[in-house]
Amino acid sequence: MENKDRYFKALIEDNGQLNEIDLGENLGLDEKETREIIVLLLSEHKIEYVENRMCSYRLMKTSKIKNKSR
């Protein structure tokens, strides 16, 4: 899905400055399509929901695997 990739890249570049719907509108997406993309990104664990920000979603933090063998 091309729009999903475009939205994800825009979300990274925007860094929480616009809310998620306005960001989608800047890309020419309507609210319904934007919400569908958000659901897909949430299900793929690429973004997570956060409160108290302009944009309610952010990239998932990746955990680094430490080498525990010694």
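Please read all numbers here as calculations on a predicted model, not as lab measurements.
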Honestly curious: do I21 and V50 fall in one hydrophobic cluster under the side-chain, below-4.5 Å linking rule?
no
Rounded distance (nearest 0.5 Å) linking atom CD of E25 with atom OG1 of T34:
7.0 Å
Say you draw a straight line from CZ of R35 to CG of D30; how long is it, rounded to the nearest 0.5 Å?
11.0 Å
Check the hydrophobic clustering (I, L, V, M, F, W, Y; side-chain heavy atoms under 4.5 Å; chains of links allowed) and say if I38 and Y49 are grouped together.
yes
To the nearest 0.5 Å, tell me how far N15 CG sits from M54 CE.
13.0 Å
Using the rule side-chain contact (heavy atoms from CB on, under 4.5 Å), only one of L23, L11, L18 pairs with C55; which is it?
L11
Is the closest basic N to carboxylate O distance between E36 and K4 below 4.0 Å?
no
Could you walk me through whether Y57 and L42 pass side chain to side chain contact (heavy atoms under 4.5 Å, CB included), step by step?
CA-CA 9 Å; Y57 300 91; L42 283 168; 3.9 Å; yes
L29 with F8, same ILVMFWY side-chain cluster at under 4.5 Å
yes
Is the side chain of E20 donor-acceptor paired with the backbone N or O of S56 at a distance under 3.5 Å, no angle test?
yes
To the closest 0.5 Å, what do you measure between CG (D22) and CD (E31)?
10.0 Å
Here the gap from Y7 atom OH to E33 atom CD, rounded to the nearest 0.5 Å, amounts to 11.5 Å
When rounded to the nearest 0.5 angstrom, what is the spacing between CG in N26 and CZ in R6?
11.0 Å
So M60 and K46, side chain to side chain contact (heavy atoms under 4.5 Å, CB included) or not? Walk me through it.
CA-CA 5 Å; M60 289 287 289; K46 290 186 176 183; 5.6 Å; no
